[in-house]
Chemist: 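Sharing a structure, written as structure tokens. Questions coming.
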Amino acid sequence: AIAVIANGGCLVRPYLVGEIRDGDGNTMFKQEPKLSEPILKPDAVAQMIGILERVVTEGTGTRARIGGIRVAGKTGTSQKLDPKGGYSHDHFVGSFIGFGPVDDPKLAMIVSLNDPKPYYYGGTVAAPVFQQVMERSLIYLGFQPRNQQADPGRVRRKNHVSVNGSKPSIPGSPPPELQGVSPRVR
């Protein structure tokens, strides 16, 4: 659903292989995106994008902000079912779903953390993961942020959160054997 909003109300048929090249670099196959007719009205899409962008700029998703790149999204926090009945007051799922950049969407992403501890709100635990992965992914794809200066509104405090006893990590540079390798899967 977030991708439909990002794509102006149109559904894009998903595909795994964007292009196949032979050993000499000649394109043997190229998949072009296939858009549906709009399934949402343009004014509804514009309103939703505005609301989702405000979640990041002034709402519960401020930790998803990326300096120089406008992103939009929504935080989520849900209680898990208690095996004894009802909802647990000790077990949660924290999530963030969003896309970027707002003015020319390239990627949509959902981050869902199962039972994060000690914090569990989506804006606290999942939005920072979205921010780091989205920023690095957009830069990898060649997107240049509008400014390279730090965004003064960006929250820099790092929370130490574990998910089912493990700490999430986002890799820095790829290992030497993968540096310079550029997969063309879209």
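As the structure is a computational prediction, the values presented were derived from the model and not from experiment.
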Chemist: Please report the closest heavy-atom contact between Leu107 and Ser137, naming both atoms and the distance.
Modeler: CD1-CB, 3.4 Å

Chemist: Do the side chain of Gln79 and the main chain of Ser88 share a donor and acceptor less than 3.5 angstrom apart?
Modeler: yes

Chemist: Please name the pair of heavy atoms, one in Pro128 and one in Gly123, separated by the smallest distance, quoted to 0.1 Å.
Modeler: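 Between these two residues, the closest heavy atoms are CD-O, 3.8 Å.
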
Chemist: For residues Ile49 and Ile110: do they belong to one hydrophobic cluster (side chain heavy atoms under 4.5 Å, members Ile, Leu, Val, Met, Phe, Trp, Tyr)?
Modeler: yes

Chemist: Is there a path of hydrophobic side-chain contacts, each under 4.5 Å between heavy atoms, that joins Val55 and Tyr121?
Modeler: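 Hydrophobic grouping puts Val55 apart from Tyr121.
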
Chemist: Other residues, nucleotides and ligands only: do more than 12 of their heavy atoms fall within 6.0 Å of CZ on Phe143?
Modeler: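 Count over threshold, so yes.
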
Chemist: Is it the case that the side chain of Asp22 and the backbone of Asn26 share a donor-acceptor pair, with hydrogens and angles ignored and the cut-off at 3.5 Å?
Modeler: yes

Chemist: Compare every heavy atom of Pro105 with every heavy atom of Ala6, then report the nearest pair and how far apart it is.
Modeler: O-CG, 3.2 Å

Chemist: Report the distance from atom CD of Glu32 to atom CD of Glu19, rounding to the nearest 0.5 Å.
Modeler: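 Interatomic distance, Glu32 CD to Glu19 CD, rounded to 0.5 Å: 9.0 Å.
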
Chemist: Working to the nearest 0.5 Å, report the span between OH of Tyr87 and CG of Asp82.
Modeler: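 Rounded to the nearest 0.5 Å, the OH-CG separation comes out at 11.5 Å.
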
Chemist: Drop me the distance from Arg63's CZ to Thr75's OG1, to the nearest 0.5 angstrom.
Modeler: 11.5 Å

Chemist: Among Val12, Val45, Leu40, which one satisfies side chain to side chain contact (heavy atoms under 4.5 Å, CB included) with Val4?
Modeler: Leu40

Chemist: What do the steps show when you test Val56 against Glu53 for side-chain contact (heavy atoms from CB on, under 4.5 Å), and what is the final call?
Modeler: CA-CA 5 Å; Val56 174; Glu53 189 172 12; 5.7 Å; no

Chemist: For Phe130 and Phe96, take the angle between the two ring planes, folded into 0 to 90°, and tell me which bin it lands in: parallel under 30, tilted 30 to 60, perpendicular over 60.
Modeler: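 Tilted: the ring planes of Phe130 and Phe96 meet at 30° to 60°.
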
Chemist: If hydrophobic clusters are built from ILVMFWY residues whose side chains come within less than 4.5 Å, do Val129 and Val71 share one?
Modeler: yes

Chemist: Is any side-chain heavy atom of Val93 closer than 4.5 Å to one of Lys80?
Modeler: yes

Chemist: Decide yes or no for Val111 and Val133: does some side-chain heavy atom of the first lie under 4.5 Å from some side-chain heavy atom of the second?
Modeler: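 Val111 vs Val133: side chains apart.
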
Chemist: Any chance you could measure Leu35, atom CG, to Asn7, atom CG, to the nearest 0.5 Å?
Modeler: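 That separation rounds to 6.5 Å.
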
Chemist: Output yes when a side-chain donor or acceptor of Thr77 lies under 3.5 Å from a complementary backbone atom of Gly122, and no otherwise.
Modeler: yes

Chemist: According to a 4.5 Å side-chain heavy-atom criterion applied to Ile, Leu, Val, Met, Phe, Trp and Tyr, with indirect links allowed, do Val102 and Ile97 form part of one hydrophobic cluster?
Modeler: yes

Chemist: Check step by step if side-chain contact (heavy atoms from CB on, under 4.5 Å) holds for Phe99 and Leu52.
Modeler: CA-CA 9 Å; Phe99 64 91; Leu52 294 170; 4.2 Å; yes

Chemist: Is there side-chain contact between Leu113 and Tyr119, with at least one heavy-atom pair below 4.5 Å?
Modeler: no

Chemist: Please determine whether side-chain contact (heavy atoms from CB on, under 4.5 Å) holds for the pair His91 and Lys117, giving the CA-CA distance in whole Å, both sets of side-chain angles, and the decisive distance to 0.1 Å.
Modeler: CA-CA 9 Å; His91 300 282; Lys117 304 280 186 208; 4.0 Å; yes

Chemist: Work out which heavy atom in Ala126 is nearest to a heavy atom in Gly94; give both atom names and the distance.
Modeler: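 Scanning both residues, the minimum pair turns out to be CB-O, 3.9 Å.
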
Chemist: Could you pull out the closest heavy-atom pair between Val17 and Gln31, with the gap in Å?
Modeler: O-CB, 3.4 Å

Chemist: Is the shortest heavy-atom distance from the side chain of Ile69 to the side chain of Leu138 under 4.5 Å?
Modeler: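 Side-chain contact under 4.5 Å: yes.
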
Chemist: Roughly how far, to the nearest 0.5 Å, is the CD1 atom of Ile66 from the CD atom of Gln132?
Modeler: 10.0 Å

Chemist: If we ignore hydrogens and angles and just use 3.5 Å, is the side chain of Asp115 paired with the main-chain N or O of Phe92 as donor and acceptor?
Modeler: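 Such a contact is found between Asp115 side chain and Phe92 backbone.
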
Chemist: How long is the span from the OG atom in Ser36 to the CZ atom in Arg13, to the nearest 0.5 Å?
Modeler: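 Ser36 OG to Arg13 CZ: 12.0 Å, rounded to 0.5 Å.
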
